[in-house]
Chemist: 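Below is the structure I would like to discuss, written out as structure tokens.
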Amino acid sequence: MNKLEGVRLRWVTFLVTGAMFMEVLDGNIIATALPDMARSFGVHAVQLNVAMSAYLLALGVFIPVSGWIADRVGPRQVFACAIAGFTLTSVVCGLVTDLHTFIALRVLQGASGALMVPVGRLLVLRHTPQAGRMAAMSNLVWPALVAPVLAPPLGGFIVNHASWHWIFFLNVPLGMVAFGLALWLIPKLEPATRKPFDWTGFVLCGGGMFALLGGLEQLSNAVDAVNLLVCVGGGMLLAAAVRHFRRAASPMLDLAPMRFPTFRAAMVGGSLARMGISSLPFLLPLMFQLGLGMDALHSGLWLLVMFAGNLSMKSVTTPILRRFGYRPVMLWNGLLVALCLASWALVGPATPAAVLVPMLFISGMTRSMQFTCLGTIAFADVPERQMADANGLFNVVSQVSMAAGITLGAMAVRLGQGLSGSLGVATTAFEYKLAFVVAATVALVGLLDTLRLPQGAGDHFVARK
């Protein structure tokens with residue numbers, strides 16, 4: 001059987017959603033384990049943010065390669081081999097004892113995820129009829145909503161009852177099952193038209209992203225000429241990459257979908273929103289443990305309330321969009337996202353559970369709505385012939401913005417540590433409170449692109465009259 005439709009397409013959608021869940025989970029599950037991992041490696045917990053951001057950044061850098069490899073080798077082989085590589089690197093991550101080796105393995109794990117998820121996502125989008133694409137897109141948004149919230153309590157449970165190494169060993173049975181299902185469910189599809197690989201674009205874009213985020217990471221530790229030059233060099237490489245993509249005959253990332261206002265708003269302003277939202281699952285477990293004195297398990301369990309908020313909002317997202325439309329919902333919900341982020345600056349050791357519970361629940365509801373809006377409106381006006389290009393660009397920008405969000409959170413924490421020392425601030429968890437204010441400000445600035453959207457933008461995608 002060489003077609004992907006009907007029941008088989010539904011099962012492949014479930015498999016791809018599961019693979020995405022495993023990939024996103026692995027990017028966030030170490031959040032509650034950072035203090036324990038830091039003690040193992042002999043560093044401060046905030047310094048281990050690089051283990052999360054390097055993983056997400058590798059996803060962003062290597063995602064564009066996935067489409068080219070899938071066209072040459074076949075999506076079935078690429079998807080299955082990527083699952084195998086992801087599982088193998090997970091095993092080795094749980095065995096190493098050197099920090100630099102661990103970070104290098106996280107990059108390799110991210111590269112495997114970059115081959116795994118976009119190929120599966122593209123399989124679903126290419127073979128789902130237009131009428132069912134909204135439902136398919138909503139299903140594919142689930143991992144980005146659920147995994148970052150479920151990851152901290154799961155990581156805390158593993159750390160308390162075993163050790164942080166088992167966080168990575170957990171992927172072994174999941175990976176083995178997914179590998180077998182991929183070979184069984186995904187047929188051998190006809191390869192797509194091959195095109196030459198854009199090595200120039202890959203080097204400029206990948207080098208620029210690694211240099212810019214890596215330079216910002218080092219700049220938060222020491223403001224010196226070398227780190228500033230690395231940041232400036234990364235920005236120049238990215239500018240050169242954009243210029244190359246606009247002029248190349250076969251660019252690695254086709255920027256043509258950016259001419260659609262809905263896609264452009266989801267990419268530019270949406271990236272800032274993702275940065276602010278993505279910092280929350282990173283900052284909250286650290287503040288709960290290092291700032292408020294909770295253990296790993298209890299700090300993770302608190303985030304289950306946010307997970308409940310995600311679930312409760314998911315079932316009413318489409319009816320709300322049909323009633324009010326994308327633009328008003330994204331604007332008002334975006335304001336609520338920023339307010340929720342900023343409200344965490346008011347939390348202290350004496351904050352009662354009666355206050356924490358609604359804060360977490362509402363934070364989960366608002367981030368769920370904003371993620372779903374950004375993940376669906378991006379494809380509202382993209383024609384079928386440009387879906388592959390839009391999907392690749394969307395995946396790259398989404399992953400890089402989430403990596404940048406973690407880097408932003410870590411930089412803000414270090415800034416807060418420096419200010420609290422130099423100004424003599426005695427406020428409990430001051431550095432984390434400052435980080436939440438910074439994240440809220442970034443998310444708020446991201447709404448400027450939503451303001452520029454015309455009335456009714458994207459509403460046809462949810463069948464709004």
Side-chain angles (χ1 to χ4, degrees), residues 25 27-40 43-49 51-53 146-164 167 276-310 337 339-367 405-417 420 425-440:
L25 184 76
N28 295 272
I29 196 171
I30 67 173
T32 45
L34 289 181
D36 288 78
M37 294 175 67
R39 284 189 287 271
S40 296
V43 296
H44 191 277
V46 179
Q47 291 178 264
L48 273 176
N49 78 287
M52 297 177 67
S53 57
V146 176
V149 180
L150 191 60
L154 180 59
F157 178 83
I158 293 173
V159 168
N160 271 31
H161 291 84
S163 70
W164 65 264
I167 286 175
I277 295 171
S278 299
S279 66
L280 187 61
F282 166 70
L283 291 171
L284 269 184
L286 288 179
M287 185 177 78
F288 284 161
Q289 291 182 68
L290 303 180
L292 305 182
M294 298 184 189
D295 60 28
L297 178 58
H298 285 87
S299 70
L301 286 174
W302 271 113
L303 270 72
L304 283 178
V305 182
M306 191 185 297
F307 174 62
N310 281 343
V337 166
L339 286 174
C340 285
L341 286 168
S343 68
W344 288 104
L346 304 176
V347 171
T351 304
V355 175
L356 287 178
V357 169
M359 286 179 65
L360 286 163
F361 191 81
I362 296 172
S363 294
M365 293 176 68
T366 55
R367 72 188 297 275
I406 294 173
T407 301
L408 173 73
M411 290 179 65
V413 169
R414 292 190 183 115
L415 174 63
Q417 290 171 343
S420 63
V425 178
T427 306
T428 304
F430 170 77
E431 61 269 33
Y432 300 103
K433 295 178 179 182
L434 177 65
F436 283 119
V437 173
V438 171

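Just so we're clear, the structure is a prediction, and the values are computed from it rather than from any experiment.
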Chemist: In terms of heavy-atom contacts, does CZ of Phe157 have more than 12 from other residues, nucleotides or ligands at under 6.0 Å?
Modeler: no
Chemist: In terms of the angle between their ring planes, are Trp344 and Phe288 parallel, tilted or perpendicular, with boundaries placed at 30° and 60°?
Modeler: perpendicular
Chemist: Return the OH to CD distance between Tyr432 and Gln417, rounded to the nearest 0.5 Å.
Modeler: 6.5 Å
Chemist: What's the separation between atom CZ in Arg414 and atom CG in Leu434, rounded to the nearest 0.5 Å?
Modeler: 14.0 Å
Chemist: Could you tell me if the side chain of Pro285 sits less than 4.5 Å from the side chain of Leu34, heavy atoms only?
Modeler: no
Chemist: So which atom in Trp164 and which in Ala33 form the shortest heavy-atom distance, rounded to 0.1 Å?
Modeler: CB-CB, 4.1 Å
Chemist: Does the side chain of Val438 reach to within under 4.5 Å of the side chain of Leu415, using non-hydrogen atoms?
Modeler: no
Chemist: Partners of Ser299 by side-chain hydrogen bond (donor to acceptor under 3.5 Å, both in side chains), sequence neighbours excluded?
Modeler: Gln289
Chemist: Test Cys340 against every option in Leu360, Thr366, Leu280 by the side chain to side chain contact (heavy atoms under 4.5 Å, CB included) rule and name the one that passes.
Modeler: Thr366
Chemist: Applying side-chain contact (heavy atoms from CB on, under 4.5 Å), name anything that partners Leu154, two or more places apart in sequence or on another chain.
Modeler: Leu25, Ile29, Ile158, Leu170
Chemist: Can you give me the closest heavy-atom contact between Val413 and Glu431, atom names plus distance?
Modeler: O-CB, 3.3 Å
Chemist: Could you grab the distance from atom CG of Asn160 to atom CG of Asp295, nearest 0.5 Å is fine?
Modeler: 5.0 Å
Chemist: Which heavy atom of Gly409 sits nearest a heavy atom of Ala435, and at what distance?
Modeler: O-CB, 4.0 Å
Chemist: Please confirm whether the backbone N or O of Leu346 pairs with a side-chain atom of Lys433, one donor and one acceptor, at under 3.5 Å?
Modeler: no
Chemist: Are the side chains of Met306 and Leu284 in contact, using a 4.5 Å heavy-atom criterion?
Modeler: yes
Chemist: Just verifying a value: how many Å separate Ser279 OG and Leu341 CG, rounded to the nearest 0.5 Å?
Modeler: 6.0 Å
Chemist: Quick one: pull up CE in Met287 and CE in Met294 and give me the separation to the nearest 0.5 Å.
Modeler: 8.0 Å
